[in-house]
Amino acid sequence: MPQTWCIGWLRSALKRALGSDAGPELKRALGLYDRLLRAGRIDARATCVDDYRHENWLEMTLYQDRADGALWHRPPLEKRMAIYVTQADRWAQAAFARDERSPSYLIQVSCTGYRAPHAVQKLAVERGWNDRARILHIGHMGCYASVPAVAMAAKLVSGEDAQASLLFAEACTLHLKPGAVSDEDVVVNSLFGDGAARVDVSPHAAAGCLALLDSTETIFSDSDGDMTWSLADSGFHMTLGRAVPARLRAIVADFVDSFLARSGLRRADVERFAVHPGGPKIIDNVAEVLGLSAEQVRHSHEVLRERGNMSSSTLPHIWSRMKDDPTVAAGELIVSLAFGPGLTIVANLLRQER
């Protein structure tokens with residue numbers, strides 16, 4: 001959906017939730033929505049929630065008036081998860097062709113929905129892969145999960161004639177809070193979109209792929225409250241402390257330099273950076289601290305503009321765009337960076353194969 005529509009829907013929902021005479025907190029939240037929209041850093045986002053596509057409040061599915069008197073804009077977690085299950089199953093069906101062979105490892109990655117059996121388990125049974133593939137689930141790591149998930153998959157297939165297939169399935173818009181007025185919640189409501197991606201990992205480099213050369217991660221000390229992702233009665237709840245940008249600025253240069261030194265490299269040897277767009281300022285801050293050009297982080301800005309922040313499925317979208325971009329030459333090195341609860345920072349080193 002266009003971001004103009006997303007923000008318009010959220011403004012209408014907030015007015016309905018609080019009433020037009022709610023006072024300064026409503027005016028402040030509406031003003032912040034307007035400022036975020038005018039910033040123009042996101043043009044569109046995807047959603048699996050049909051309610052966001054119209055403003056007929058009598059025909060809402062998730063945000064319907066509650067017979068028990070509970071607030072309509074705080075639906076129970078059970079209803080959100082029912083939508084997640086349906087959408088994750090659709091993504092799994094779309095990601096794997098009916099006539100393809102079973103991968104050796106089949107892994108679902110998500111922090112926005114839970115249900116057992118999960119989508120790739122059900123897919124494996126339907127396709128007759130249940131006794132051929134080892135099936136795993138990686139959950140609740142947040143936006144940075146793609147880097148450790150791919151690193152784990154690489155270790156699983158190392159030394160084998162095998163393939164690991166990962167399905168990243170993130171329905172972030174299930175957890176928006178239409179009745180929220182805090183700056184933090186308004187920013188989250190304006191930033192996140194839904195998205196999925198399939199990533200295949202094998203031990204053999206091939207033309208048209210990205211070669212994984214190395215990966216790493218670290219956790220900040222004394223930062224466990226800076227970014228959190230937890231369960232609440234009416235959905236999953238994110239906190240994002242004001243200190244996060246400053247913490248990242250303070251550590252990211254040394255983190256990247258130490259990581260590259262393990263391979264005998266320096267920043268000047270890396271042509272491009274796949275920076276997870278936790279928000280526009282995250283990309284900008286990383287680029288400024290590392291001295292990167294607009295071209296070096298172009299693909300991150302493009303994905304953010306076209307799809308918003310899709311949690312763990314965002315970096316795979318950036319990798320895919322880089323992989324298929326003819327201006328990214330054979331042999332170019334790419335550093336991926338992502339951040340998440342912990343406060344955790346992760347990186348990998350990729351090489352374009354042509």
Side-chain angles (χ1 to χ4, degrees), residues 41-42 142-151 154 168 191 195 197 199 209-218 220 227 244-340 342-354:
R41 305 296 289 272
I42 298 173
C143 294
Y144 73 91
S146 56
V147 170
V150 167
F168 297 88
L191 175 63
V199 175
C209 295
L210 297 174
L212 176 64
L213 306 181
D214 197 5
S215 63
T216 191
E217 68 178 75
T218 191
F220 289 83
M227 187 186 299
V244 170
R247 284 183 176 271
L248 293 178
R249 287 181 67 93
I251 193 178
V252 70
D254 288 342
F255 174 77
V256 169
D257 290 343
S258 297
F259 173 53
L260 291 174
R262 298 189 336 192
S263 301
L265 299 169
R266 298 176 300 171
R267 269 183 260 166
D269 299 314
V270 180
E271 286 82 5
R272 300 181 189 270
F273 283 74
V275 181
H276 171 76
K281 290 184 178 179
I282 295 293
I283 308 174
D284 295 342
N285 285 339
V286 169
E288 181 181 348
V289 170
L290 298 182
L292 307 179
S293 68
E295 175 62 22
Q296 286 180 286
V297 293
R298 170 171 59 87
H299 299 88
S300 295
H301 279 298
E302 288 176 351
V303 170
L304 176 65
R305 184 174 62 253
E306 295 175 17
R307 303 190 65 88
N309 181 343
M310 300 173 285
S311 192
S312 74
S313 65
T314 315
L315 269 183
H317 276 258
I318 297 170
W319 295 334
S320 178
R321 191 165 295 227
M322 288 179 160
K323 178 180 69 70
D324 296 336
D325 186 344
T327 69
V328 182
E332 283 195 13
L333 296 177
I334 300 164
V335 166
S336 307
L337 290 167
F339 320 95
L343 184 66
T344 304
I345 178 170
V346 300
N348 69 20
L349 179 63
L350 307 170
R351 184 181 62 231
Q352 176 75 291
E353 304 290 316
R354 290 295 189 196

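The residues of the chain are indexed from 1 along the displayed sequence.
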Side-chain heavy-atom pair E271, V328 within 4.5 angstrom cut-off:
no
Would you give the length of the straight line joining atom NE2 of H301 to atom CG of D284, rounded to the nearest 0.5 angstrom?
5.0 Å
Under 6.0 Å from the CZ atom of R262, do we count more than 12 heavy atoms belonging to anything else shown?
yes
Find the distance between CZ (F339) and CE (M227) and round it off to the nearest 0.5 Å.
8.5 Å
With a 4.5 Å limit on heavy-atom distance, are the side chains of S263 and L349 in contact?
yes
Atom pair CG/CG of L315 and L337 - distance to nearest 0.5 Å
8.5 Å
Below 4.0 angstrom, N of the basic side chain to O of the carboxylate: do R298 and D325 qualify?
yes
Give, for atom NE2 of H276 and atom OG of S336, the distance between the pair rounded to the nearest 0.5 Å.
12.0 Å
Are the side chains of S146 and F168 in contact, using a 4.5 Å heavy-atom criterion?
yes
Is there side-chain contact between V256 and L290, with at least one heavy-atom pair below 4.5 Å?
yes
So, do L213 and L350 sit near enough that their side-chain heavy atoms are less than 4.5 Å apart?
no
Assess whether a salt bridge exists between R321 and E302, defined as any Lys/Arg side-chain N lying under 4.0 Å from an Asp/Glu carboxylate O.
yes
Does a side-chain heavy-atom distance below 4.5 Å link M322 with I334?
yes
CG of D214 to CG of L260, rounded to nearest 0.5 Å, is 9.0 Å
Is there a side-chain contact between F255 and T216 (heavy atoms, below 4.5 Å)?
yes
Mind checking whether I318 and K323 have side chains closer than 4.5 Å, heavy atoms only?
no
